[in-house]
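Remarks on the structure that follows.
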Amino acid sequence: MTISSETALGRTRRARRIGRALTEAHPDAHCELDHSSPLELAVATILSAQCTDKKVNEVTPKLFVRYPSAADYAGADRTELEELIRPTGFYRNKTDSLIKLGQALVERYDGQVPGKLADLVTLPGIGRKTANVILGNAFGVPGITVDTHFQRLVGRWGLTTQTDPVKIEHEIGALFPKREWTMLSHRIIFHGRRVCHARKPACGACTLAKLCPSYGTGPTEPALAAKLLKGPRARDLAAAAGVDPALVPQQAVVAEVP
C-alpha cells in the first residue's frame, strides 16, 4: 500500500473500512473511566493523566462519596484530598486542579459542568481532549478524543501526517460521520491498548492488517503476535484475525491493558 499515491477519496474509503473493522473487533468498546455524572467523569479524567484507568477506578469510589458536588471540591481540605488521590500520581498538581475546578464551576456555572466545548476548555485541568471525553460520554455530544493511543494509530494507518492533536482531531473527524466520533475514539483507544501497542504491535494477529500501511512494525508471525494481544477478549481478537485462539497465553487474557 502506497500512502503517497492514495487519493483523498481513497483515504476516506479506507478509513471507513477501518472503522467498520474496529466495530466488529471491539463490540465492548466504551469509556473505561467509571462515572455516573458529568462531574465524576471530569474528575476521573483529570486523575487519569499519567495513570491507568484501572487505578483511577480504584480511587474514585471513595472520592465520589466524599466529594459529591463541585462545592465539595471547592472547599476541600487540600491534605485530605491529596491523600485520597495519591495513588494516581502527581497528586499535588491534580489536587490543585480539582479544587480550582470546583471553585470555577461554583462561581461561573452554578456548580454544574457545562455541556459546551468552548466553556469546558476554560475550566482548570480541562483541555480539549478532556472536554471531548466529557462531551461524548456525559452529554452525548460527538467528540474525538486524541490521546496517545489515538494519535499513534491514526498515524500508523496513514490517515494523517499531523502531529498537533487539534489538527489530528479535525483531519480524522472529516473522514467519518460526526455521529460516529465518540465510539470511533473508544474503539481506536481499545485497539491501541489491546492490539496495536506502542513498542511492539501484534501485526500478525490484527484484523486491520490488510488496511494498514505499517503492517510489519511488529511481529507478523501469528504465534508471536498472538502473545502480544491483551485483555479479557484477547482470544476473541485472535480468532477474528484468523489466528488460533489457543496461541494466546492465559497471562495475556488477564493482563492489565495499558
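All of these numbers come straight from a predicted model, not from anything done at the bench. Just so it is clear, the values below take in all heavy atoms, side chains as well, and ignore hydrogens, waters and symmetry mates.
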Can you check side-chain contact (heavy atoms from CB on, under 4.5 Å) on Val154 and Glu171, steps first, answer last?
CA-CA 10 Å; Val154 296; Glu171 196 158 306; over 6 Å; no

I'd like to know whether Met183 forms a side-chain contact (heavy atoms from CB on, under 4.5 Å) with Phe176, so could you lay out the CA-CA distance, the side-chain angles of the two residues, the decisive distance to 0.1 Å, and finally the verdict.
CA-CA 11 Å; Met183 284 308 303; Phe176 294 90; over 6 Å; no

Show your reasoning for whether side-chain contact (heavy atoms from CB on, under 4.5 Å) applies to Val113 and Phe139.
CA-CA 10 Å; Val113 176; Phe139 291 102; 4.3 Å; yes

Determine, step by step, whether Lys167 and Asp164 satisfy the salt bridge (Lys or Arg N to Asp or Glu O under 4.0 Å) criterion, reporting the C-alpha distance in whole Å, the side-chain angles of both residues, the deciding distance to 0.1 Å, and the verdict.
CA-CA 5 Å; Lys167 291 180 179 179; Asp164 177 74; 5.7 Å; no

Tell me, with the steps shown, if Val141 and Lys116 meet side-chain contact (heavy atoms from CB on, under 4.5 Å).
CA-CA 9 Å; Val141 177; Lys116 294 183 179 179; over 6 Å; no

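Arg14 places a side-chain N or O within donor-acceptor distance of the main-chain N or O of Leu211, the cut-off being under 3.5 Å. Proximity of a side-chain donor or acceptor of Thr60 to a complementary backbone N or O of Leu63 within less than 3.5 Å is not detected. The main-chain N or O of Val248 is found under 3.5 Å from a side-chain atom of Arg235 such that the two form a donor-acceptor pair. Not a single donor-acceptor pair under 3.5 Å links the side chain of Asp34 to the backbone N or O of Asn57. Side chain of Asn132 to main chain of Ile144: a donor-acceptor pair is present (N/O by atom type, distance under 3.5 Å, no hydrogens or angles). Side-chain atoms of Asp244 come within 3.5 Å of backbone atoms of Ala246 as a donor-acceptor pair (strictly under, hydrogens ignored). When atom types are taken as modelled, the side chain of His197 and the backbone of Leu228 share a donor-acceptor pair closer than 3.5 angstrom. Not one N or O on the side chain of Thr12 forms a donor-acceptor pair closer than 3.5 Å with the backbone of Leu175. In terms of modelled atom types and a separation under 3.5 Å, the side chain of Arg152 and the main chain of Gly192 share a donor-acceptor contact.
Note on Val106 and Ile99: separate hydrophobic clusters, where clusters join Ile, Leu, Val, Met, Phe, Trp and Tyr whose side-chain heavy atoms are under 4.5 Å apart, directly or indirectly. Under a hydrophobic clustering in which Ile, Leu, Val, Met, Phe, Trp and Tyr are joined whenever their side-chain heavy atoms come within less than 4.5 Å, directly or via other members, Ile46 and Ile189 fall into different clusters. Linking Ile, Leu, Val, Met, Phe, Trp and Tyr residues whenever their side-chain heavy atoms come within less than 4.5 Å leaves Val146 and Leu41 in two separate clusters. Cluster annotation: Val166 and Phe150 are assigned to distinct hydrophobic clusters (Ile/Leu/Val/Met/Phe/Trp/Tyr, side-chain heavy-atom contacts under 4.5 Å, transitive). Note on Tyr73: it clusters hydrophobically with Val56, by side-chain heavy-atom contacts below 4.5 Å among ILVMFWY residues.
Annotation for Val59 and Leu84: closest pair CG1-O, 3.3 Å, computed over non-hydrogen atoms. Contact record, Leu123 with Pro114: CD1-CD, 3.9 Å, taken as the closest heavy-atom pair. In plain terms, the two heavy atoms of Ser69 and Leu39 that are nearest each other are C-CD2, 3.6 Å. In plain terms, the two heavy atoms of Ile134 and Ala42 that are nearest each other are CD1-CB, 3.7 Å. In plain terms, the two heavy atoms of Thr207 and Ala25 that are nearest each other are OG1-CB, 3.9 Å. Of all heavy-atom pairs spanning Pro249 and Ala226, the tightest one is CD-O, 4.3 Å.
Atom NZ of Lys227 sits about 10.0 Å away from atom CD of Glu221, to the nearest 0.5 Å. In this structure, CZ in Arg16 is found 10.5 Å from CZ in Arg13, a value given to the nearest 0.5 Å. Note that CG of Leu184 and CZ of Arg179 are 12.0 Å apart. Values are rounded to the nearest 0.5 Å. If you take CG on Leu153 and CG on Leu159, they are separated by 9.5 Å, rounding to the nearest 0.5 Å. Atom NZ of Lys94 and atom CG of Leu101 lie 14.0 Å apart (nearest 0.5 Å). In this structure, CG in Asp72 is found 11.0 Å from CG in Leu81, a value given to the nearest 0.5 Å.
At a threshold of 4.5 Å between non-hydrogen side-chain atoms, the residues Thr182 and Leu135 do not count as touching. Cys196 is listed as a side-chain neighbour of Arg156, based on a closest heavy-atom distance under 4.5 Å. You'll find the side chain of Ile188 stays beyond 4.5 Å of the side chain of His149, heavy atoms only.
Within 6.0 Å of NZ on Lys230 lie more than 12 heavy atoms contributed by other residues, nucleotides or ligands. Residue Gln50 places its CD atom among 12 or fewer non-hydrogen atoms of other residues, nucleotides or ligands, all under 6.0 Å distant. Atom CG of Asp110 sits in a sparse spot, with 12 or fewer heavy atoms from other residues, nucleotides or ligands closer than 6.0 Å. For Glu80, the CD atom counts as densely surrounded, since its 6.0 Å shell holds more than 12 non-hydrogen atoms of other residues, nucleotides or ligands. For Phe64, the CZ atom counts as densely surrounded, since its 6.0 Å shell holds more than 12 non-hydrogen atoms of other residues, nucleotides or ligands.
When the options Lys55, Arg193, Lys54 are evaluated for a salt bridge (charged side-chain N to carboxylate O under 4.0 Å, His left out) with Glu32, the one that passes is Arg193.
A salt bridge is absent between Glu83 and Arg66; no separation between the charged side-chain nitrogens and carboxylate oxygens falls under 4.0 Å.
Aromatic ring orientation, Trp157 versus His191: tilted (interplanar angle from 30° to 60°).
With sequence neighbours excluded, no residue forms a ring pair (Phe, Tyr, Trp, His ring centres under 6.0 Å) with His170.
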